[in-house]
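Shown next, in structure tokens, is the structure this report addresses.
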There are 2 protein chains.
Amino acid sequence: MNSLNAIRLFTASVDAGSFSEVGRRLGMAPSSVSRQVAALEDSVGAQLIHRTTRKLSLTEAGRLYFERVSRILAALDEATAAVSHLEESPRGVLHVNGPTAFGVRHVAPALPDFLARYPEVRIELTLTDNFVDLLEVGADVAVRVGELEDSSLIARRLAPNRRVLCASPGYLAKAGAPERPQDLADHNCLVYTRHHGNVNWNLGGPDGLAEVGVSGNLRTNNTEAVHAAALGGLGIALLPSWLVGQEVQSGRLVEVLPGYRAAPGALDTGIHALYPADRHLSTKVRAFVDFLVERFGPRPYWEETPSGKGGGH
Amino acid sequence: MNSLNAIRLFTASVDAGSFSEVGRRLGMAPSSVSRQVAALEDSVGAQLIHRTTRKLSLTEAGRLYFERVSRILAALDEATAAVSHLEESPRGVLHVNGPTAFGVRHVAPALPDFLARYPEVRIELTLTDNFVDLLEVGADVAVRVGELEDSSLIARRLAPNRRVLCASPGYLAKAGAPERPQDLADHNCLVYTRHHGNVNWNLGGPDGLAEVGVSGNLRTNNTEAVHAAALGGLGIALLPSWLVGQEVQSGRLVEVLPGYRAAPGALDTGIHALYPADRHLSTKVRAFVDFLVERFGPRPYWEETPSGKGGGH
DNA sequence: CTCATCTTTGCTTTATTTGCAAATATCATA
DNA sequence: TATGATATTTGCAAATAAAGCAAAGATGAG
């Protein structure tokens, strides 16, 4: 196949008017230029340049080829530049994928700041709760809460995923606050589970790990439903801090058994940004992930407490 | 610089959806395809394709690059095809250069036949009597009468360049016809010369070579002037057969000393077509030169005599 | 869970390209 | 006219790039 280099040397020779001059400008031997152009001529099957020791002149075929090929080379350089340009600074469309609840509460609110910092980026945010293949859906980066599937993607930790026992002040006034993990068995516990069967909450505290079987009059596979029920005063819930942290801060919910915390399970591996393990990570993805890390960590705003205690990792 | 091959493999991979498939189609190892595309990505500085063992998918940069580069490759192939096309059969502009007198009498009249045979050729005929550099003037082929300058051009012999002693019937009736070369000294000889000084005509005949000093009341550096004067009955002229051959045939001029002929000098090396010694001789030039050879040689029409004698080489 | 197929990487072999030097060609200049 | 400076081109050896092979890791189908 004919090489791009030969074509570039051909046009350069036409511009310079001499193979030697081209060699001088490009720092290569004149013989190489000569041979490349000769090879190009063989490749297209026509003489392109009449050669004299003193002067080069185009044949008709050469003129024709030069005209067309000059524009083509320019277009090719433009195409390359356009792509390289994309990488100079964050710009272009950034497809972000994430779970609905977390996305609505913490990703979407962050976007104005991000877009203000990088005005040339446009974001396409897709919130889905079923697991999607990043590449399948055309996403550049995904935010995942817990449960990292084993994949070729790179995971960057954005925040811890602590779970908090909490209930509304109304419920606690009526039912009292548990003082030890075992007390939970006597409370109406709002259970989030994806499976059937009994549910245990594992709580670590000053007296070690306690496993408590919990139950109540609401079981659901939807965290938001648990959340709503807890806000409504139905009972005690075990919910991620990113969901209830700010309500605990405002007092709409009260943390229960604050000396204890849920033992880290599969759901507690943290909140991560996932992106393809490509050798060339695009600047817009890097910028977005860096932005999220900066915004959330090391202690996310939803973990802040007025007294400075709690949360963290 | 990035190679054309890599770009072709990139687009082929996008089309095929798999490096292995491309390798299969193009008969090369999948690893080579993979490496070429990776090198292209390094070259443009951006990831173009997300790879999975099972599937390839374009990045935004890849989509952008693919769109532009596909068109560019097509344009490049078109440009190559256009040039190659030129060589499939004679077509395009053919620049022909030649001396005025011969061109008007024998080249221009031949062109209708040539153009009828090759309808896709357009001829640009430039007739000049000063020597021009073929390449300088942009000519593809030149017709030269005698005097071949030593150059890198290829010379193909089209016809002999015999010179003929002749005079008008009127002059011969008045002054008589010479019977031996020496008789020319007593005739009014019409001398073509570019220099000052005496002029000798060297005539070869049955009695060997005779050198005769000639003179008359007309000396000129223009062959056409000699020709016109001879037709007007002024005297005896030594003129190329291509100029007077047909007039001798028609009787408007009569050959003098037909048993003798001018000794070949620098002016008698023949009539040639000259064209560049390129490795790729264009088909239109080849066709034109072949056409002239066929039309003129081995015995040109202007050398024909009713009795079949004379002329030749 | 196993298998077939895909991409990638290390390693070796092969092909291409390069530079240098020499041969040849051309034009300017003495 | 002869000489010198500079051009293209070619042969040859060295350097560079590309290819294939085999193996390892990855992914989806059955």
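The analysis underlying the following values was restricted to heavy atoms, covering all of them including side chains, and did not include hydrogens, waters or symmetry mates. Lettering follows sequence order; numbering is per chain, from 1.
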Checklist entry - With a 4.0 Å cut-off on heavy atoms, is B:Ser20 in touch with a base, just the backbone sugar-phosphate, or nothing at all? => result base

Checklist entry - Hey, is the side chain of B:Ser18 poking within less than 4.0 Å of OP1 or OP2 on C:dT7, counting only N and O atoms? => result yes

Next on the checklist: So, under a plain 3.5 Å distance rule, would you say the side chain of A:Arg54 forms a donor-acceptor pair with the base of D:dT6?
Outcome noted: yes

Checklist entry - Which of the following nucleotides, C:dT7, D:dG20, D:dT8, is nearest to the side chain of B:Phe19? => result C:dT7

Checklist entry - Which word best sums up how the rings of A:Phe10 and A:Tyr65 line up, parallel for under 30°, tilted for 30 to 60°, or perpendicular for over 60°? => result tilted

Checklist entry - Out of D:dA19, D:dT8, C:dT26, which nucleotide sits closest to the side chain of A:Ser34? => result D:dT8

Checklist entry - Given D:dG20, C:dT7, C:dT18, which nucleotide is nearest the side-chain atoms of B:Ser31? => result D:dG20

Next on the checklist: Within the 4.0 Å heavy-atom criterion, would you say A:Gly27 contacts the bases, only the backbone, or no part of the nucleic acid?
Outcome noted: sugar-phosphate

Item to check | Distance, rounded to the nearest Å, where A:Leu56 contributes CG and C:dT26 contributes P | outcome: 13 Å

Item to check | Phosphate contact (D:dG20 OP1 or OP2) by B:Ser32 side-chain N/O below 4.0 Å | outcome: yes

Next on the checklist: Strictly below 4.0 Å: does B:Gln36 bring a side-chain N or O up to OP1 or OP2 of D:dA17?
Outcome noted: no

Next on the checklist: For A:His106 and A:Phe102, take the angle between the two ring planes, folded into 0 to 90°, and tell me which bin it lands in: parallel under 30, tilted 30 to 60, perpendicular over 60.
Outcome noted: tilted

Checklist entry - Do the side chains of A:His95 and B:Glu60 get nearer than 4.5 Å, heavy atoms only? => result no

Next on the checklist: Reading DNA chain C from 5' onward, which residue's closest nucleotide shows up sooner: A:Arg279 or B:Arg24?
Outcome noted: B:Arg24

Next on the checklist: Closest-nucleotide mapping onto DNA chain D: is B:Arg35 or A:Arg35 further toward the 5' terminus? I mean the 5' end.
Outcome noted: A:Arg35

Checklist entry - Would you call A:Glu21 and A:Arg24 a salt bridge, using N to O less than 4.0 angstrom? => result yes

